[in-house]
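Worksheet: one structure, shown below.
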12 protein chains.
Amino acid sequence: MASEIYASDHIIIKALDNGVTIIGLTRGTDTKFHHTEKLDRGEVMIAQFTEHTSAIKIRGAAEVLTKHGKIRTND
Amino acid sequence: MASEIYASDHIIIKALDNGVTIIGLTRGTDTKFHHTEKLDRGEVMIAQFTEHTSAIKIRGAAEVLTKHGKIRTND
Amino acid sequence: MASEIYASDHIIIKALDNGVTIIGLTRGTDTKFHHTEKLDRGEVMIAQFTEHTSAIKIRGAAEVLTKHGKIRTND
Amino acid sequence: MASEIYASDHIIIKALDNGVTIIGLTRGTDTKFHHTEKLDRGEVMIAQFTEHTSAIKIRGAAEVLTKHGKIRTND
Amino acid sequence: MASEIYASDHIIIKALDNGVTIIGLTRGTDTKFHHTEKLDRGEVMIAQFTEHTSAIKIRGAAEVLTKHGKIRTND
Amino acid sequence: MASEIYASDHIIIKALDNGVTIIGLTRGTDTKFHHTEKLDRGEVMIAQFTEHTSAIKIRGAAEVLTKHGKIRTND
Amino acid sequence: MASEIYASDHIIIKALDNGVTIIGLTRGTDTKFHHTEKLDRGEVMIAQFTEHTSAIKIRGAAEVLTKHGKIRTND
Amino acid sequence: MASEIYASDHIIIKALDNGVTIIGLTRGTDTKFHHTEKLDRGEVMIAQFTEHTSAIKIRGAAEVLTKHGKIRTND
Amino acid sequence: MASEIYASDHIIIKALDNGVTIIGLTRGTDTKFHHTEKLDRGEVMIAQFTEHTSAIKIRGAAEVLTKHGKIRTND
Amino acid sequence: MASEIYASDHIIIKALDNGVTIIGLTRGTDTKFHHTEKLDRGEVMIAQFTEHTSAIKIRGAAEVLTKHGKIRTND
Amino acid sequence: MASEIYASDHIIIKALDNGVTIIGLTRGTDTKFHHTEKLDRGEVMIAQFTEHTSAIKIRGAAEVLTKHGKIRTND
Amino acid sequence: MASEIYASDHIIIKALDNGVTIIGLTRGTDTKFHHTEKLDRGEVMIAQFTEHTSAIKIRGAAEVLTKHGKIRTND
């Protein structure tokens with residue numbers, strides 16, 4: 001039996017401006033920044049929650065799609 | 001068999017003002033503040049419930065999306 | 001295989017007045033208050049049922065969202 | 001693998017008058033009162049079925065939300 | 001891993017008159033009365049099927065909500 | 001881990017006349033009557049299929065609700 | 001952990017005439033009659049598929065409800 | 001823990017004429033007739049797929065209900 | 001615990017002409033004909049995928065119902 | 001406990017011309033043709049994905065039904 | 001208990017021109033081309049994700065159906 | 001029992017210009033680029049989340065389909 005299931009939810013982020021920052025915060029006893037990704041205007045990132053990421057912070061103008069709906073930062 | 005499932009529900013918080021505070025409260029016998037995250041106007045945070053967080057408190061003007069609907073703080 | 005699932009249902013409480021009190025009642029043979037959280041007007045709390053909390057009591061003017069619908073206290 | 005699932009159904013009770021009584025009845029061979037909670041007008045209680053509670057009795061004017069619909073006591 | 005799941009279906013009974021009787025019948029080889037609960041007019045009882053109860057009998061004027069619909073006794 | 005799941009389907013029977021008879025038939029190699037319950041006009045019984053009951057027979061005027069719809073005896 | 005799940009599908013048969021015959025046929029290598037139940041006009045029987053019954057035959061005027069729809073014998 | 005689950009799909013066959021033949025074909029390396037059931041006009045048979053039956057053949061005028069829809073033989 | 005689950009999908013084939021041929025093709029490293037069934041006009045066959053059949057070929061005028069819709073051969 | 005579950009998805013192919021070719025491609029490190037089936041005009045084939053087939057190629061005029069919709073080759 | 005479940009999602013590709021190329025990319029630490037399939041105009045290929053393929057690249061004019069919708073290459 | 005389940009979600013990317021870059025970011029303690037795929041105008045790529053990829057970044061004009069909706073880069 002072979003299988004690979006990576007079923008955690010994902011979110012989609014589209015940068016509406018240069019320099020949008022996507023910050024992954026650590027799962028576990030400490031909640032620290034563990035990764036920062038920069039997007040330029042028009043770039044899209046699709047990211048899952050993982051063993052290491054249980055929260056995501058977004059700075060800069062972006063459109064965000066999640067299973068609970070769509071939201072825009074910086075309105 | 002390889003798999004990673006981080007299926008807990010998440011909420012989306014969009015700050016409508018500077019200094020919105022998102023406070024994670026500990027799961028377990030004590031319910032204490034274990035993490036505080038500050039958002040400035042227009043920033044968005046997407047956070048899961050985890051082994052360490054079973055409640056989230058939000059202070060300051062924000063829009064909150066959850067699977068049970070949308071709510072605004074500070075109306 | 002790594003996974004973390006905290007799938008219990010959550011409720012959303014928005015305080016409509018200062019001093020709204022959210023009281024967690026203990027799961028188990030005794031049903032006692034084990035935690036009290038105060039919300040000021042406009043603050044929002046999102047809380048799961050946990051190993052320690054099987055009932056939640058709300059005092060003061062608030063809007064409550066659950067999977068069975070929306071209800072307002074103090075009408 | 002860490003997980004906590006408290007998935008039993010819950011009900012929401014809103015007191016429409018002072019002195020609403022919510023009585024938890026024991027699961028098991030005997031069906032006895034094991035806990036009584038008092039609500040004043042406008043207070044809301046959200047309660048799960050648990051290892052100790054398999055029935056709930058409500059006295060006094062209240063609005064009750066469950067997955068099978070909404071009902072008012074004392075009409 | 002901690003979890004508590006009491007997922008059996010429940011029914012909601014609202015007494016429309018004094019002296020409504022809710023009778024739990026035993027699961028198992030014998031089907032006997034094992035518990036009787038009295039409701040006065042306007043009182044509501046919410047009860048699950050359990051290890052000990054596989055049938056419920058209702059006497060007196062009442063409104064009953066179940067997953068298969070709503071029914072009134074004594075019409 | 002504590003749990004109790006009694007998830008078998010149930011049916012709802014409302015007597016429209018005195019002397020409605022609800023007969024439980026045994027599961028297993030023999031299909032015999034193992035229990036008879038009498039309902040008077042207006043009484044309601046809610047019964048699950050169990051380890052001992054795999055068929056139910058209804059005599060007398062009654063309204064029956066099941067997951068496959070509503071049916072009236074004695075039309 | 002206590003549980004009892006008898007989740008097999010059931011069918012509902014309402015006799016529209018006296019002498020409706022419901023015949024249970026055996027599961028297994030032989031398909032034989034193992035039980036015959038007689039219904040008089042207006043009587044209702046609700047029966048599950050079981051370890052011993054994998055087919056049911058109905059003779060005489062009856063209304064039959066199943067998860068695939070409603071059918072009348074003897075039209 | 002006691003349970004009995006016979007969850008295989010069933011089909012409903014209503015004879016529209018005398019002598020409708022329902023033939024069970026064997027599951028396994030050989031596909032042979034293992035059972036033949038005769039229905040007279042108006043009779044209904046409800047049959048599950050089982051350890052011994054993986055195909056069913058119907059001869060004669062009949063109405064057949066399955067989860068994929070309704071079909072009439074001999075149109 | 002007794003159970004029998006034969007949950008594989010089934011298809012329904014109605015012959016619109018004499019001599020409709022239903023051919024079962026073997027599951028496994030070789031894909032060969034292992035069974036041929038002939039239907040005359042108006043006959044219906046209902047067949048599951050099994051340990052031995054992973055493909056079915058139909059020759060001659062027939063109506064075929066599957067979970068993905070209805071199709072007619074020989075149009 | 002006896003059960004047989006062959007739950008993989010299936011597709012339906014109807015040849016609209018003579019000589020439609022259905023080619024099964026091997027699952028595994030190599031993706032090679034392992035079976036070729038010819039359909040004449042009007043013939044229908046219903047095929048599952050299996051341990052040996054993870055891709056199917058269709059040449060010639062055909063109508064194809066899958067769970068993601070209907071498509072015609074050779075338009 | 002016999003079962004075979006190949007439940008991974010599949011996609012459908014219809015070539016709208018000669019020489020459409022479908023490229024399977026390897027699952028695992030390296031993401032390399034492991035298989036290339038050529039389709040001529042009007043040919044259809046239906047392919048699952050497998051132990052060896054976690055990404056598929058399509059070159060040339062084609063119509064692609066997936067569970068997230070339909071898309072055309074080369075518009 | 002043979003089975004292969006690769007059930008992780010997939011996304012569809014269609015390049016609207018030459019040189020669209022799809023970058024796979026590593027799952028695990030470090031979030032690094034582990035694979036870069038180039039698409040020319042009109043090419044489509046369908047990619048799953050895997051043991052090695054938990055985030056995907058897209059640069060250049062593209063249309064992206066996911067289970068949460070459709071989004072265009074570079075608007």
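First the proteins, then the strands, lettered A, B, ... as listed; each starts at 1.
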What are the two closest heavy atoms between [X] and [Y], and how far apart are they?
X: Ala55(H); Y: Met45(I); value: CB-CE, 3.7 Å
X: Ala2(I); Y: Tyr6(H); value: CB-OH, 3.3 Å
X: His68(H); Y: Leu65(I); value: O-CD2, 3.2 Å

Query - Residue part contacting chain I, namely of Ile11(H), when any heavy atom lies under 4.5 Å - result: side chain
Query raised in the report: Is chain I contacted by the side chain of Arg27(H), its backbone, both, or neither, given a heavy-atom distance below 4.5 Å?
Result: side chain
Requested in this report: Determine the option with the most heavy-atom pairs under 4.5 angstrom with chain H, choosing from Ile13(I), Ile12(I), Leu39(I).
Outcome: Ile12(I)
Report summary line: If one checks every heavy atom of Thr66(I) against chain H at 4.5 Å, the contacting part turns out to be backbone
**Report entry** Under 4.5 Å from a heavy atom of chain H, the part of Asp40(I) involved
**Finding:** neither
Working to the nearest 0.5 Å, report the span between [atom1] of [X] and [atom2] of [Y].
X: Ile58(H); Y: Lys14(I); atom1: CD1; atom2: NZ; value: 11.0 Å
X: His10(I); Y: Ile56(H); atom1: NE2; atom2: CD1; value: 9.0 Å
X: Ile71(H); Y: Ile46(I); atom1: CD1; atom2: CD1; value: 8.5 Å
X: Glu43(I); Y: Thr21(H); atom1: CD; atom2: OG1; value: 9.0 Å
X: Lys38(I); Y: Lys57(H); atom1: NZ; atom2: NZ; value: 10.5 Å

Report summary line: Interface check, chain I: of Glu51(H), Arg59(H), Lys67(H), most non-hydrogen pairs under 4.5 Å belong to Glu51(H)
Query - Any His52(I) side-chain heavy atom under 4.5 Å of Thr31(H) side chain - result: no
